Each structure stands twice: as structure tokens, then as C-alpha cells.
Amino acid sequence: MTEPSKLPHRGVPEHQPAAGGIAARARAAAGPQYLNGLNPEQRDAVETLDGPVLVLAGAGTGKTRVLTTRIAHILSQGRARPHEILSVTFTNKAAREMKLRLGQMLGQAVEGMPWLGTFHSIGGRILRFHAELVQLKSNFTVLDVDDQVRLLKQLLQAENIDDKRWPARMLAGLIDGWKNRGLTPSQVPAGEAAMFANGKGGKLYATYQERLKILNAADFGDLLLENIRLFRENPDVLRQYQSRFKFILVDEYQDTNVAQYLWLRLLSQAPARPGVPLSAIIPGATESSVIPGRIEDANSDVQSHIEESRDSGSALSAHPGMTEAPATPSSPPKNICCVGDDDQSIYGWRGAEVDNILRFEHDFPGAKVIRLERNYRSTGHILAAASHLIAHNEGRLGKTLRTEDVDGEKVTVTGSWDSEEEARAIGEEIEELQRAGDNLNEVAILVRASFQMREFEDRFVTLGLPYRVIGGPRFYERAEIRDALAYLRVINSPADDLAFERIVNVPKRGLGDATVQLLHDHARKRRMPLFEAARAVVETDELKPKARGSLRELILQFDRWRAQREVTAHTELAEIVLDESGYTEMWQKDRSADAAGRLDNLKELVRSMEEFENLQGFLEHISLVMDRDGGAEEEAVSLMTLHSAKGLEFDNVFLPGWEEGLFPSQRTLDEQGRAGLEEERRLAHVGLTRARRRAKLYFATNRRIHGTWSTTIPSRFLDELPSQNVEITESKGGSGWGGSGGYGPSRFDNVESFGSSYSTPGWQRAQANRNRSQGGRGGQARGGFEESQSSFTGSRSDASGSRGDAFSGGFSRNKRGPMVIEGELVAKSTGTVSEFSLSDRVFHEKFGYGHVVKIDGNKLTIAFDKAGEKKVLDNFVKRT
DNA sequence: CCCTTACATCTTTTT
DNA sequence: GATGTAAGGG
């Protein structure tokens, strides 16, 4: 606790004094006001306006400041007007913050930046202008995951596919993945399309898209994918946007997916004369010199990317641009500036392609790369720990974060007996901080998975420690909000079948599955929306009198509301609808604990409508811009996942649950192999770099996962921390462990006695593999891998080298996790012949007996007698 | 048609 | 261990 009480930068990391030399200072003095206080690299990033620029901005290096200052610079230099700058972010929050900061920098006039927003909101905006060109109407509905799944469920039923075996959610995930990769139904690789429902996947995707058009709806993926299609099929439209956007800025570029990449690429192909170097393009010139031929080249260029991705069957190589030559030099990309940090790419599982940032220079020839490596956030020890950890990753551009700050306190690692003790220890430490005068707003607990949160909540409730959970279900994803929106959607567009179906029996009106089915049949036969079908059906005697009566009543209500819409303010209309439909009443009568909260949410929804001019405008934006951000700013500890912590910073950061299987997540390791491990490591890096002054890591020896207690092993990431920046402390819980002084090897010897799995053949074989590769050369497994990844040797030997690592020796060699990874790599690279053969009878601890149906290296597909078909590693089954 | 019981499932989640 | 979803009985 010898921390100096005031650090010069703390709390204002973006307003540090210029740290450059005399020359830099002189330039700064000469330049406009807003450039003051930028360091030389930041300033370079702001002032390099022409040509492609990639700003590699490490954690806490002033990324947002560079982006906003750059916009200010473009505007003040008269290089473009506000509506000629395209500036995309991923989150509404980031967009809001940029608007806010720009406003502060420029005085006002930010309203004139219509093209500052998220990928999806800008994509949606463009799409609405040209909706008819992609078979939509401009008031199309944006569906969320829920609607998507329900629609797909219907399609599955129509195709007579068992949605037990082929869940709609899975198909939704596949389609989402395809859209993320920029693939329209016809472009999906045949192998992948066949994966779902015995080859029907591709067709289902196609019919899904058709249904969306009939429903006048688009899902999130469509906002970009249909935009790309729009541009490709209508060069004149594309040209219009290409010449409008003089400058393009992209935030968090490491998180872009293929679709976003293609979209950016289309927009950034400047219509230019062949052979004119980019530097010669002066502002304004792009407008006048439009040469159609070149645009088509730009188009077909991107088209060929897509074609290519279709041809290559594998998901990995499907990334366009991975193998082909650089973009046509004669149509140079224009002024695009991407800011990102490959070390903070944590959304790979959602389709983000780290390769986009890794290949930037290749994709945009002549690109200038600027590294921001001066960290203005964390103390020396924290930064060193984070840097050393992330250095274990192989696939990165490489940055070295520096700080001029003091070393501060070492990063601490604390072991506890179980997760309960972990929560207790953290609770006590927070109370201690509180007593010492720290603000609770500067304390955060970052967990890997949300189920970890409960334990902390329980603890904090008993301690009376105020906390707030960040993340969780979004406001508009809550059932009551979606119900209310569904009513409004049916009023706005009677053809919105999904919305109609959602509320037709909410509250209960005696219109159950049978009735809905009847309406569906009727609607399908006459190719009309459900609502129209309902109108027709009530005139017949197909329904029982009771159902018929309530359906007629419902239709009359909607007719009345639609009429009222003309004469009533939209907020008032919403209140009337919620009231008259009996929806509010339904919750008022509900005696469950959260009913009151739901009613509050409904009020909040109506309140939020005030910001929009009318119902139409509200509905257009609601699904894109509604996010929580609960206002109440009382002093409280923040509790959130590592993912939602990105972009935030706190004085004190607690990082519990650093155990194998949980963090790194076993599932990620199983599914994504080495890439997954690296992403987990980036997540660890993100976690550490959130901390300004104190980062505290924890692991528990026992944790309850899925209801049963299991013994866990400290995360390998702990081993990867540099010992000189880490301090190992004893848990204050005091239970369980005798104080044998820290947790040395002896402790982990203890741990091992718990795990019976350590004597299994699989474990021993894995250990043998591990030892071989530890030895460096020679191991057959290792050799195979090195052949395919030539750069691996150097970085890895450094990484696993014994010097410096905090936990080298001792238990770190005895961990279970790495084996799986190594084993998988072995399987992939050497194609080791499995000791199993087809139709062998096998036994699995969890799934029971079965027989082998497919062998892929050491990965087996086994048809279990009871559990069905599963993929397992051969380590986990025994021949019978 | 609604309510009950059994059963499986169980990261992360910007839009 | 809790939660949500799907089939069965009233």
C-alpha cells in the first residue's frame, strides 16, 4: 500500500500532457488547439488523412481520443463536411460516446453527423432508402433472435423435420454464421449447407430468406448482407455512397466479421482513374472523376472474393482475400482509417475475424500502420503482467505496451478452497477498500461466465454491499417489452405475422395452438397475412364460438387502435393499447416477484417512445438502439462478464475463477482448439488491462458446475504471468488449507489426490504427449505441428521457457488442460492413426456404451446406445 | 385449452 | 441446482 496517492494521469487517461520530444512539442504548439496534448503517434494517426491507415491501439492508449480528434481535424481542415464522413462503431454506446466527445471538442454541430453509428444502424439506414431494390418496403421490421427462431421453427415443421434432432436455434446459428461471412443462400459451401437436417440446410436458408421478404422483415445479419447485395446489384447506388463518403473511420476493427469487411471494402473502393496513385487524389476529385468501368472492377473484385469463399469448402479458408492477390492497384482504397487492437479480439465465436486486422496491409496496399503503445491507464506491474501473458499468443501483430507510471502494487493471485470462500475473500477485500476511502464505482468484478455472478450477489446481499450487474438480458429482449412491441408492430404493419402470433393469446384469450394452426393453414392457402386470415376466418364457422368471439373482438380492437393512431400521440396510443388489450392487467394480477419490475419496464418503454416522432420511427429504431444503461448512478461495485468489460476501466479489478475448464473455457478449447485458447488468453489480457491500480486474480480448488462439485486446477494463464510482477497471497477465508505458506507444489500435489482421472489411460497418454513436446525437438507430435506452423517454435519456446514465469516448475507441468489442446493439434497436423477402428464397441464414462461411426485423427464420432451420436476425443473412451 | 410433471440443458452475446 | 421446454392429464 505504498502507492502514491496521486498519479498524474489517473482518471483522465485521455488528457495526458504531450509526452514527445521538443520537436513534437513545437509542432503541437503550432497546431490547432485540439491537437494539443496528443503524443507523437496519436498525432500522426490524427493527421495522416490520405490513404488507408491502420491504428493499432493497445489497451488504454487513447483510441477513442484519436478517432474523435481525427474527425475534428478532417472537419476543421475543410477536407469534408459532416455528412461526408462515415464513422462506424460496434455498439451504440461507443457511437454515443464519440458523439459526446465530438460535441465537446467542436462546441456543437454533432447533429450534422448522420453517418456516425453502428454497422447495423447505418446498414439499416441505407437499406431503408433503397428497400425496394432488395425486395423490401422501407418500413421493414428488424427481427431479433427470438422472432428468427420462431420463424425457423415454422419452416422446420413445414418440412417435417424433427426439431428435437435439428433445433431451430442451431439453424439460426448456422444462418447467422453464414450471414456473418457474407454468404447468401446460393453461396453457402455445399458441404456446410448439407450439414443440417440431412442436406436441407441450404434450402432452409433460402426459404427463410423468402419468408423474410414476404413478412417485410430483415434480421440483424441482413442489415449488412442485403446491403452488400444492394451495392453489388446496383453499381449506381454504390457509386453514390462511394463518392459521398470522403472519409471512412472504423472503430474496433479487430471485431469486424467478413460481411462487415466486404461492406467496408465496397464503400472504400474509391472511383478513381486507373494508375492514379492514392496520394494524388485530392478531396473533391473523387466526385468528378467517376469512371463506370472502374467501379465494376471494384465490384467484381469483391464478387470474386465471395466466389472464392464459396469454392473453398472449409470455414477456415472461406475468408475472402486470404489467398488472392491484393486489391486492384488501379482502384486504390480511399481514406479509410481503422482503429483496433488484435489483442482485444474476443468475439471470434460471434463471427469476428481477427484476420481482418492481421491482413489490413495486404488488403489495403500502401496502408500506413501506426502503433499506439503508450498506456495511460495501468501501473507498471499490471501492464507487465498483461503484456507478458499476451505474448504467449502466436497470431498477433505484436505491440509492446509501455507506461511511464510507477510500478504500483503487484498483481495478486489468491487461491481459495471453493467458490464460496472466493466470494467471501473478495467481499472482505472490497470492504477494506471501502474503509480506506476507495469509491465503489472504481471496483469491478469481472467473471468469465455469468453463472459465476450469483455467488457474488449472494455474498454482497448478506454484506449489504451495493452492487450493480452490468449486462444480462437487454431491455428490449425482455418478454414484456417484446410483447408490447408486438402489439405496436401489428398496428403498424398488419402483415407482421410474427408479432401477431406472439400476442394473439397474450393475455390469454382462449386462442391456443389449435386456433393459430387453423389461421396458418388459411393464410398459407390464400397467401395472405395471418391477420387477414383471422379476419376471414371469423366470418366462417370453422372456429368454436368461444374462440371465434375473442378473435373477432381482437380484430375489432386492432381496427380501433389503427384508427386512433391517426389522431392520438404515439405514446398515448401505446398506453391505450396496453390498457385495453388487458396486457397491463395481466401483470397487475400476476403475483410473482418480478411482476412489478415488468410493469416498470413497460412504463419505461412508453417513456422512451417520447424521443421519437411517431410510431413508425420508434419501431424502426427500437431493435437497433435500445439498450440498457440503467441510469441510477449510486455508488456500487460493478459485476459483469469479461466480455462486457471491454472498453471500461476501474481502479480495482477483481478477476475470480481462473481455473482450467472455466477460464480458459473447456468448451472453447474443445471447439476452437488453439485459436480458442488464444482468444481466451486475449480475454484474460482484456481483463487485466481494465485495471488502473490493482488487479487481483483468484482461483478456487472446488467449484460447483452444473450442480455437482468438481475439483479444479488453477488456470494455465496464471503460469504465464511473470513472477516478478505477481504476488501470491493466502486466501483470507482461512478454512480448509493449513497455512503451508502460499500455495507451493505441495498444495497441488494435494489437488491431484482428488482427481481420479489422473490415472486413466487417456491422461497418461496425454501426459506423454505433453512431455514430448515440452522436450522441444524430436517428439513426433511436435514435429508435425512445427511443419505447418513455422513461426511457432520461436515464440513458444520463449513462452514455455522456464525463466521468469511465475509458476514454472512444480504444478504447472501437471495440468490437464493443455493436453487436450496438444492432442487436437496432433490430430490435425499429423493425422495420427487412431487406435480405434470403425464399429468398435466402446465405453464412455458419461455416455455409456456405443460404437464408432467416424474417425478423424483422435476425434471419434460415436453412436451411443442411449445418448445418441456424439463427437468425443479417443482419450475419453475405452474399447470394450 | 390449460395446467401439471418430466426432461434435458447448462459460455461468452456489441447488433 | 435451476431453468426453460415438451409431452400428458384434467
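Just so it is clear: chains get the letters A, B, ... in the order the sequence lines come, proteins before strands, and each one is counted from 1. Quick caveat: nothing in here was measured; it's all calculated off a predicted structure.
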Looking at [Y] and [X], is any side-chain nitrogen of the basic one under 4.0 Å from a carboxylate oxygen of the acidic one?
X         : Y         : value
Asp147(A) : Arg502(A) : no
Glu353(A) : Arg181(A) : no
Glu455(A) : Arg459(A) : no
Arg424(A) : Glu421(A) : no

Determine: side-chain N/O of Asn180(A) to OP1/OP2 of dT15(B), distance under 4.0 Å, yes or no. no

Using atom [atom1] of [X] as one end and atom [atom2] of [N] as the other, report the distance to the nearest whole Å.
X         : N       : atom1 : atom2 : result
Ile705(A) : dA2(C)  : CD1   : P     : 16 Å
Leu683(A) : dT11(B) : CG    : C1'   : 10 Å
His643(A) : dT15(B) : NE2   : C1'   : 15 Å
Met170(A) : dT5(C)  : CE    : C1'   : 18 Å
Gln672(A) : dT12(B) : CD    : C1'   : 12 Å
Asp176(A) : dT15(B) : CG    : P     : 14 Å
Gln452(A) : dG1(C)  : CD    : P     : 18 Å
Asp146(A) : dT15(B) : CG    : C1'   : 15 Å

Measuring from the side chain of [X] (C-beta onward, heavy atoms only), which nucleotide among [options] has the closest atom?
X         : options                   : result
Arg454(A) : dA2(C), dT12(B), dG1(C)   : dA2(C)
Thr641(A) : dT15(B), dT11(B), dT12(B) : dT12(B)
Asn505(A) : dT12(B), dC2(B), dT11(B)  : dC2(B)
Lys508(A) : dT13(B), dC3(B), dT11(B)  : dC3(B)
Arg350(A) : dT13(B), dC2(B), dA6(C)   : dT13(B)
Ser665(A) : dC2(B), dT11(B), dT15(B)  : dT11(B)
Thr668(A) : dA2(C), dC1(B), dT11(B)   : dT11(B)
Thr91(A)  : dT12(B), dT15(B), dT11(B) : dT15(B)
His120(A) : dC3(B), dT15(B), dG1(C)   : dT15(B)
Ala514(A) : dC2(B), dC1(B), dT15(B)   : dC1(B)

Under 4.0 Å, counting only non-hydrogen atoms across every strand here, what does Phe119(A) touch: a base, just sugar-phosphate, or nothing?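 If one applies the 4.0 Å heavy-atom cut-off, Phe119(A) turns out to touch nothing in the nucleic acid.
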
Give Asp255(A) one of three labels, base, sugar-phosphate or nothing, depending on what nucleic acid heavy atoms sit under 4.0 Å from its own.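 If one applies the 4.0 Å heavy-atom cut-off, Asp255(A) turns out to touch a base.
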
Closest-nucleotide ordering on DNA chain B, the 5'-leading residue of Met453(A) and Val516(A):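 Final value for this comparison: Val516(A).
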
By nearest-nucleotide position on DNA chain B, the 5'-leaning member of Arg509(A) and Glu680(A) is Arg509(A)

Across all chains, not counting sequence neighbours, the side chain to side chain donor-acceptor pair (under 3.5 Å) partners of Arg229(A) are Gln135(A), Glu226(A), Glu233(A)

Taking 5.5 Å and 30° as the limits, would you call Trp349(A) and the base of dT12(B) a stacked pair?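 Taking the rule of under 5.5 Å and under 30°, the ring of Trp349(A) does stack on dT12(B).
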
Under the side-chain contact (heavy atoms from CB on, under 4.5 Å) rule, collect the residues that match up with Ala700(A), sequence neighbours excluded. Glu422(A), Glu659(A), Arg703(A)

